[in-house]
Amino acid sequence: MENVASDMKYGKDVRLYDMSGWIRACFQHYNDAHFHLQQDVQRRFFHASFAEAATTLLRDGAAYAWFLFLASSGAITVGEFVLACGAVASFSTLVTQISNSVGQVMQAVPPLDRMRAFLDAADEPEPERPAAPPAKDVPLSIEFEDVCFSYGGRNPVLSHFSLRIAPGEKIALVGLNGAGKTTLIKLLCGFYKPESGRILLGGTDIAAYRKADLYALVASVFQEATILPFTVAENIAMTDEGVDRGRVEDCLRQAGLWDAVCRLPRGMDTGMTSVEEGGVSLSGGQRQRLLMARALYKGAQLLFFDEPTAALDPVSEHEVYNGFRELVGSKTAIFISHRLSSCRFCDEILVFDGGRLVQQGSHDELVGDESGLYHAMWQAQAQYYAEDRILFA
Ligand code: ADP
């Protein structure tokens with residue numbers, strides 16, 4: 001809710017969908033609730049303070065009255081009376097301090113319990129005898145052996161799934177939404193574990209790699225990846241120390257963003273937020289190119305791209321795909337794409353449906369299979385391109 005009010009990017013929707021009245025009403029609602037809560041807290045605080053003052057008055061008042069009686073009846077001297085009054089005042093202060101401290105400790109216990117539970121939570125165990133990471137710069141094979149996976153025991157996303165991708169192959173994954181393409185990539189990255197079966201990278205079960213070694217093997221561009229509020233160079237190197245500027249430039253060139261970065265006020269040292277002076281925010285297509293440059297800079301042996309060109313215009317997309325084989329080099333790479341025409345550069349296209357591999361082959365082979373899902377998807381897209389031609393004719 002706070003984001004809607006403070007983040008500029010929501011401004012378009014707020015205006016176009018005439019949401020200002022609704023959002024204001026929501027704020028009013030939360031403000032009212034907050035106000036009532038504050039009133040309640042103040043009321044309780046007042047009651048507690050009143051009870052404390054009344055108790056102190058009764059306790060101290062009774063003691064002073066008793067000492068006064070003793071002094072006036074001659075049972076104690078004036079000096080003893082003064083001493084006793086001082087003792088009561090000190091005792092009263094002590095009792096107040098103790099009750100305040102107990103109150104503060106009671107308030108701190110629940111957050112501390114949560115903090116302790118967090119600190120005590122076990123790290124994901126590392127393998128007892130971790131596998132040695134594969135040699136650098138060697139293309140790796142990918143294998144799924146009879147893998148079953150579901151999110152939290154719900155409907156299976158992958159069921160007895162097997163697949164082998166040879167070292168250095170460029171593979172495209174296509175299919176309808178929800179077919180399980182992104183899940184496959186997340187499993188390969190080690191973010192989730194298969195319920196049964198094995199996933200092997202370079203012939204070794206990924207469960208046998210240390211997490212850090214596995215993450216070093218993989219570079220992914222996910223659609224929801226984040227651009228951090230640092231400079232362009234830091235966003236690519238993902239550190240502010242020892243940034244290899246020459247390498248950043250190479251990766252930006254390969255991703256087709258170098259010219260645009262040169263036009264920024266401070267080049268690759270320009271900040272990536274529109275709120276700082278001289279800072280910029282990138283267009284959707286530029287963001288995707290920056291994320292590609294980040295993946296290249298990492299120098300991982302496996303590259304995964306989840307719709308890397310969805311935000312690019314058709315001309316830029318064509319350029320990127322033309323250069324993709326060069327971009328990826330000899331590494332094994334998987335692309336997820338909804339635009340079937342952009343999959344042609346891949347060695348093989350895998351068609352997913354409901355977590356199953358239903359077709360596999362080159363673009364021409366798959367288009368030729370008129371009973372297949374790929375042909376149906378191709379026809380649906382071709383229809384739009386035909387309409388485009390009519391519109392632009
Ligand atoms: P695709 O990439 O082919 O569109 P996904 O792999 O994202 O498909 O999703 C496959 C299925 O898994 C879908 O039914 C989706 O709703 C479900 N799913 C994806 N991510 C999660 C998640 N984090 N928790 C629960 N279900 C998920």
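We count ligands from 1, going down the list as the structure has it; atoms in each ligand are counted the same way.
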Please work out, at 4.0 Å between heavy atoms, whether the side chain, the backbone, both, or neither of Tyr192 comes within that distance of ligand 1. side chain
Heavy-atom pairs closer than 4.0 Å: do any link ligand 1 to the side chain of Thr182, the backbone, both, or neither?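 The part of Thr182 near ligand 1 is both the backbone and the side chain.
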Looking only at protein heavy atoms, identify the closest one to [atom] and say how far it is in Å.
atom                    : value
atom 18 (N) of ligand 1 : Tyr151 CE1, 3.3 Å
atom 4 (O) of ligand 1  : Gly178 N, 2.8 Å
atom 5 (P) of ligand 1  : Thr183 OG1, 3.6 Å

Are the ring centres of Phe161 and Phe352 closer than 6.0 Å?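 Between Phe161 and Phe352, the centre distance is under 6.0 Å.
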Establish, yes or no, whether a centroid distance under 6.0 Å links the rings of Phe305 and Phe222. no
For atom CE of Met115, decide whether the heavy atoms of other residues, nucleotides or ligands shown that lie under 6.0 angstrom number more than 12. no
Whether over 12 other heavy atoms sit under 6.0 Å from Arg210 CZ: no
Should Asp250 and Arg245 count as an ion pair when the cut-off is N to O under 4.0 Å? no
Strictly below 4.0 Å, N to O, side chains only: are Asp40 and Arg43 in salt-bridge contact?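 Looking at Arg43 together with Asp40, the answer is yes, because their closest N to O distance falls below 4.0 Å.
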Check: Leu228 main-chain N/O paired with Asn235 side-chain donor or acceptor under 3.5 Å: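 Side chain of Asn235 to backbone of Leu228, a donor-acceptor pair under 3.5 Å: yes, one is there.
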Tell me whether Gly175 reaches ligand 1 (any heavy atom closer than 4.0 angstrom to a ligand atom). no
Is it the case that one hydrophobic cluster holds both Leu163 and Val174, taking links as side-chain heavy atoms less than 4.5 Å apart, direct or via other members?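 Result: no, two separate clusters.
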One finds that the ligand 1 atoms under 4.0 Å from a non-hydrogen atom of Ala179 are 1 (P), 3 (O), 8 (O)
Those atoms of ligand 1 less than 4.0 Å from some heavy atom in Asn177: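 Heavy-atom distances to Asn177 below 4.0 Å select 4 (O).
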Sub-3.5 Å N/O-N/O distance, Arg154 and ligand 1: no
Geometry only, no angles: is Gly180 polar-contacting ligand 1 at N/O separations under 3.5 Å?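 There is such a contact, yes.
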Within the structure, does at least one protein heavy atom fall under 4.0 Å of atom 23 (N) of ligand 1? yes
